[in-house]
Amino acid sequence: MSRFNTVTPRKGTRSVKWDMAEDLYQDKEVLPMWVADMDFQIPEAVKQALQERVEHGIFGYTWPDDLIKNKITGWLDKRHNWKVEPDWITYSPGVIPSLHMIIQALTQEKDPVLIQTPVYPPFYSVVKDHGRELITNPLEFTGDRYEINFEDFEQKIKDNQVKMFILCNPHNPVGRVWTKDELNKMSEICVKHDVMIIADEIHADLIFSGHTHIPIASLNEDINQRTITCLSPTKTFNLAGLQASYLVTANKELREQIDQQFKNQGMVMLNTLGITAMEAAYEYGEEWLEELNQTLENHRDYVMKRFHQETQSIRVLPAEGTYLLWLDCRSLGLEQKDLKSFMQTQAKVGLNDGASFGEEGEGFMRINIAAPMSILEDGVTRIIEAVHQNEEKSP
């Protein structure tokens, strides 16, 4: 039996995904398939490393030494063909805190910041909460996948004198893994107009066959010097609760400004167990990750096949990476509030509201497929049966 088919009950562990679901959806029967963590056990070697650290019994201030940085740089070189110097690394408790720090350190109030919508909701708040001007470059939905409108991308940058661009790659929620050509085109525009890039690449390790994640900073030295890349083992190895991530910034001046902002906010240390998990994951987790990616790809194909064969009312976009699928529900003919209600009260499945990713997400929902097949089957069946029941009621 695959290690990814084992169901581990998570209720009663203060799980955001499971224990908050009843409050969020007002129904204890709703199956949570929303927030982006996995219902899979972590690699055994990581669990053992954490157990050994716990057995030591002392959890004082802990320093992530050069050995940890070498594990990070080795991983990025091996998995992504990206050669990173150890001193380019800044530690952070998470990618969202990193985005806040970078915005504060490198932009001023009212500075225009560009994002590509629909996109991960904190991209909106991290710009607006600090009084920066939000500029959007909506992705174009072709019916099969999302594409970048490069003409609009450059025009928005020129017209608004954009200071910073926040890239999501792989893209959450639409599942694109941007190609080298697409990354080069965005990069050339950013260099031409002197735009800094924040690259949220937290899903970089979760890539399906036929696709390759390319860190945008690895394209050339011009881009490397204007890019801050946010990464973490937490999505890859299901360690989000351990609060351990890092930034890669080759430009010394930018890095020093970011480091100072972290110090100004008192963020100068990582969680002790987060350090332990990061080291063990990057040292011993590759075989587990290969099996995970195959499992997720199989899950993606299963969900696509079920919906394609059993209903024409919901279309699943073929994700190229991540464990999040974007469901096109527009053929149901429901207003967004009714679509949310349909999934919650009729299908009894807790999904992410597409509109939370921006107005371009209306008519869509996001589903997390990183769960044992028995849970995934249950969730997909609930949705399809609810669709059929809804169709039977229609005149």
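Because the structure is a prediction, the values reported are computed rather than measured.
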Q) Would Gln344 and Asp27 count as having a side-chain donor-acceptor pair, cut-off 3.5 Å? A) no
Q: Check whether the ring centres of Phe364 and Phe141 lie less than 6.0 Å apart, and answer yes or no.
A: yes
Q: For atom CD of Glu253, decide whether the heavy atoms of other residues, nucleotides or ligands shown that lie under 6.0 angstrom number more than 12.
A: no
Q) Can you tell me if Glu221 and Gln225 form a side-chain donor-acceptor pair at under 3.5 Å? A) yes
(Q) Can you tell whether the side chains of Arg10 and Asp39 come within less than 4.0 Å, N to carboxylate O? (A) yes
Q) If you measure only the distance, is there a donor-acceptor pair under 3.5 Å linking the side chains of Asn169 and Arg176? A) no
(Q) Using a 3.5 Å distance criterion without hydrogens, assess whether the side chain of Asn184 forms a donor-acceptor pair with backbone atoms of Lys180. (A) yes
Q.
Side-chain heavy atoms nearer than 4.5 Å, only ILVMFWY residues, links allowed to pass through others: does that put Tyr124 and Val162 together?
A. no
Q. Is there a donor-acceptor contact under 3.5 Å linking the side chains of Asn271 and Gln243?
A. no
**Q.** Sidechain N-carboxylate O distance under 4.0 Å for Glu310, Lys305
**A.** no
Q: Just say parallel, tilted or perpendicular for the rings of Tyr246 and Tyr282, cut-offs at 30° and 60°.
A: perpendicular
Q.
Checking the side chain of Glu320 only, and the main-chain atoms of Val177 only, is there a donor and an acceptor separated by less than 3.5 Å?
A. yes
(Q) Looking only at the aromatic ring of each residue, does the gap between the centers of Trp75 and Tyr284 stay below 6.0 angstrom? (A) no
Q | side chain to side chain contact (heavy atoms under 4.5 Å, CB included) between Phe208 and Thr322, intermediate numbers included | A | CA-CA 8 Å; Phe208 299 145; Thr322 82; over 6 Å; no
(Q) Closer than 3.5 angstrom, by distance alone: can the side chain of Ser245 be matched with the main-chain N or O of Gly94 as a donor-acceptor pair? (A) yes
Q.
For Thr229 and Glu201: C-alpha separation, side-chain torsions, deciding distance, then whether side chain to side chain donor-acceptor pair (under 3.5 Å) applies.
A. CA-CA 7 Å; Thr229 306; Glu201 300 186 6; 4.7 Å; no
Q) Where do Glu286 and Lys78 land on the salt bridge (Lys or Arg N to Asp or Glu O under 4.0 Å) test, with the steps shown first? A) CA-CA 10 Å; Glu286 193 163 30; Lys78 184 175 184 181; 2.7 Å; yes
Q | Asp19/Arg14 salt bridge by N-O under 4.0 Å criterion | A | no
Q. Can you get from Ile223 to Phe153 by hopping between Ile, Leu, Val, Met, Phe, Trp and Tyr side chains that sit under 4.5 Å apart?
A. yes
(Q) Given 3.5 Å as the limit, does a donor-acceptor pair link the side chain of Gln108 with the main chain of Arg132, or not? (A) no
**Q.** Euclidean distance, Leu183 CG relative to Trp178 CH2, rounded to 0.5 Å
**A.** 9.0 Å
Q. Using a distance-only test with no angle check, is there a side-chain donor-acceptor pair under 3.5 angstrom linking His80 and Asp205?
A. yes
Q. When you check the gap from the basic side-chain N to the acidic O, do Lys185 and Asp181 get nearer than 4.0 Å?
A. yes
Q: Please answer whether the main-chain N or O of Asn298 pairs with a side-chain N or O of Arg300 as donor and acceptor at a distance below 3.5 Å.
A: no
Q) Just by modelled atom types, is the Ile157 backbone N or O under 3.5 Å from a matching donor or acceptor in the His193 side chain? A) no
**Q.** Carboxylate-amine/guanidinium contact Lys128 Glu133, below 4.0 Å
**A.** no
Q) So, for Trp288 and Phe4, is the gap between ring centers shorter than 6.0 Å? A) yes
**Q.** Common cluster, Met33/Val7, ILVMFWY with side-chain heavy-atom separation under 4.5 Å
**A.** yes
Q) So, Ser15 side chain and Lys17 main chain: donor-acceptor pair closer than 3.5 Å or not? A) yes
Q | Short N-O contact, Asp111 and Lys163, less than 4.0 angstrom | A | yes
Q | Step-by-step salt bridge (Lys or Arg N to Asp or Glu O under 4.0 Å) determination, Asp144 to Arg315 | A | CA-CA 10 Å; Asp144 294 313; Arg315 186 160 180 276; 3.0 Å; yes
(Q) Does either side chain, that of His130 or that of Glu109, offer a donor lying less than 3.5 Å from an acceptor on the other one? (A) no
**Q.** Min side-chain heavy-atom separation Arg226-Asn251 under 4.5 Å
**A.** no
Q.
Between Arg366 and Leu325, does the side chain to side chain contact (heavy atoms under 4.5 Å, CB included) criterion hold? Intermediate values first, please.
A. CA-CA 6 Å; Arg366 192 190 77 174; Leu325 296 185; over 6 Å; no
(Q) Does any part of the side chain of Val84, heavy atoms only, come nearer than 4.5 Å to the side chain of Asp77, both counted from C-beta? (A) no
Q) Considering all heavy atoms of both residues, which atom of Ala250 and which atom of Arg255 are nearest to each other, and what is their separation? A) O-NH1, 3.3 Å
(Q) Whether Arg306 and Asp301 form a salt bridge (side-chain N of Lys/Arg under 4.0 Å from carboxylate O of Asp/Glu) is what I want to check. (A) no
**Q.** Residue pair Glu377, Ser374: steps toward the side chain to side chain donor-acceptor pair (under 3.5 Å) verdict
**A.** CA-CA 5 Å; Glu377 287 176 349; Ser374 59; over 6 Å; no
Q) Are Cys168 and His171 side-chain neighbours, meaning at least one heavy-atom pair lies under 4.5 Å? A) yes
(Q) Is it the case that the ring center of Phe262 lies less than 6.0 angstrom away from the ring center of Tyr91? (A) no
Q) If you count the non-hydrogen atoms of other residues, nucleotides and ligands that lie under 6.0 Å from CD in Glu359, is the total more than 12? A) no
Q. Hey, is Glu147 close enough to Arg145 for a salt bridge, meaning N to O under 4.0 Å?
A. yes
Q: Could you give me the CA-CA distance, side-chain angles and deciding distance for Leu167 and Ile198, then say whether side chain to side chain contact (heavy atoms under 4.5 Å, CB included) is met?
A: CA-CA 6 Å; Leu167 170 70; Ile198 306 177; over 6 Å; no
(Q) Using a 3.5 Å distance criterion without hydrogens, assess whether the side chain of Ser341 forms a donor-acceptor pair with backbone atoms of Lys337. (A) no
Q. When you look at Val35 and Asn368, which way does the side chain to side chain contact (heavy atoms under 4.5 Å, CB included) test go after all the steps?
A. CA-CA 7 Å; Val35 71; Asn368 179 344; 5.8 Å; no
Q. Are Glu44 and Arg3 within salt-bridge range, i.e. N to O under 4.0 Å?
A. no
Q. Does the side chain of Leu376 reach to within under 4.5 Å of the side chain of Pro372, using non-hydrogen atoms?
A. no
Q: Return yes if some donor-acceptor pair links the side-chain N/O of Lys156 with the main-chain N/O of Thr136 below 3.5 Å, else return no.
A: yes
**Q.** ILVMFWY cluster, Met164 and Val127 together (side-chain gap under 4.5 Å)
**A.** yes
Q: For Tyr323 and Ala36, indicate whether the former's side chain and the latter's backbone hold a donor-acceptor pair under 3.5 Å.
A: yes
Q | Electrostatic pair Glu283:Lys71 at N-O distance under 4.0 angstrom | A | yes
**Q.** Any side-chain donor near an acceptor of the partner, Ser98 and Ser92, under 3.5 Å
**A.** yes
Q. For Glu391 and Ser313, what are the C-alpha separation, side-chain angles and deciding distance, and is it a side chain to side chain donor-acceptor pair (under 3.5 Å)?
A. CA-CA 9 Å; Glu391 289 171 345; Ser313 297; 2.8 Å; yes
Q | Thr8 and Gln41: side chain donor to acceptor below 3.5 Å | A | yes
Q | Asp152 side chain reached by Pro138 side chain, heavy atoms, under 4.5 Å | A | yes
Q: Tell me whether Phe342 is reachable from Leu24 by hopping between hydrophobic residues (I, L, V, M, F, W, Y) whose side-chain heavy atoms are closer than 4.5 Å.
A: no
Q) When you check the gap from the basic side-chain N to the acidic O, do Arg382 and Asp378 get nearer than 4.0 Å? A) yes
